[in-house]
Every structure is written in structure tokens, then in C-alpha cells.
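Remember, predicted model here, so these are calculated numbers, not experimental data.
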Amino acid sequence: MKRAIGMIALTGLAACAPAPKPAAFGEGSTCGDTRVAKLIGQVWRESQRAETLKASGAPSLRVIAPGTVVTMDFRPERLNIETDANGRITRIKCG
């Protein structure tokens with residue numbers, strides 16, 4: 001019985017532990033976004049896909065233009081390239 005109470009107490013304390021701090025830009029990147037950050041500001045061309053995947057090391061890439069419907073699943077190894085209405089890359093991130 002004491003063992004069960006002790007386990008419950010420890011579980012409660014673990015829930016109060018602070019959440020880990022998110023990695024700053026460039027730290028802990030799992031999709032290589034920092035390796036291809038130089039693309040920001042350039043116009044995205046589909047012909048860049050293979051080269052961008054190779055340079056980043058990401059296994060998958062999706063381009064998100066304004067109005068594009070995307071899933072909300074978070075995949076840390078996926079490279080997301082966001083563009084503006086003119087196709088210019090505005091953001092590159094994992095997810």
C-alpha cells in the first residue's frame with residue numbers, strides 16, 4: 001500500500017515539472033531547415049525539390065502557399081516551405 005501511495009505521489013510531482021524549453025532556431029533541427037534557410041526570399045521552383053531535400057537531409061518536403069490546405073499533424077522530420085502569393089519563400093520550418 002505504501003508503495004502505491006509513493007508511486008502516486010511521484011506521478012503527481014512529475015506532472016508539476018516544467019515543460020522543456022523549445023529549441024531555439026538552429027538548435028536541434030530534425031529536418032535540416034537551418035541548412036536551407038538561404039532559400040528564404042527566393043521564388044520557389046518545383047525543380048528545386050530534389051536538391052533542397054538533399055541539402056536539408058529531410059525525408060519529405062511540402063510547399064505551403066497561401067490558401068493551401070494542410071494537415072495539422074506535426075512531423076519533426078518534414079521540411080515545410082511556406083511561400084507568399086507570388087511563390088516567394090517566406091519561411092522554412094520543421095513540422
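Closest of all the heavy-atom pairs between E77 and P59 is O-CD, 3.2 Å. Nearest heavy atom pair, residue V36 against residue A55, reads CG1-CB, 3.8 Å. Minimum heavy-atom separation, P66 to A85: CG-N, 3.6 Å. Nearest heavy-atom pair, N86 versus V43, reported as atom, atom and distance to 0.1 Å: O-CG1, 4.3 Å. The minimum heavy-atom distance linking C31 with L79 is given by the pair SG-CD1, 3.7 Å.
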Report the C-alpha distance between R62 and R78 in whole Å, list the side-chain angles of each, state the deciding distance to 0.1 Å, and finish with yes or no for side chain to side chain contact (heavy atoms under 4.5 Å, CB included). CA-CA 8 Å; R62 69 177 171 181; R78 177 175 51 203; 3.2 Å; yes
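If you chain together hydrophobic residues whose side chains sit under 4.5 Å apart, L39 and I64 never meet in one group. Hydrophobic clustering of Ile, Leu, Val, Met, Phe, Trp and Tyr side chains at less than 4.5 Å, counting indirect connections, keeps I92 apart from V70.
To the nearest 0.5 Å, atoms CZ (R35) and NZ (K38) are separated by 11.5 Å. Distance check: D84 CG to W44 CH2 gives 14.5 Å after rounding to the nearest 0.5 Å. Distance check, rounded to the nearest 0.5 Å: CD of E82 to NZ of K93 gives 4.5 Å. Annotation: the span from R91 atom CZ to T83 atom OG1 amounts to 13.0 Å, rounded to 0.5 Å.
Side chain of S56 to backbone of D33: no donor-acceptor contact under 3.5 angstrom is found.
Within the 4.5 Å cutoff, the side chain of I81 has heavy atoms near those of the T52 side chain.
Applying the 6.0 Å contact sphere to CZ of R49 captures more than 12 heavy atoms from other residues, nucleotides or ligands.
Taking 4.0 Å as the cut-off between side-chain N and carboxylate O, E51 and K54 do not count as a salt-bridged pair.
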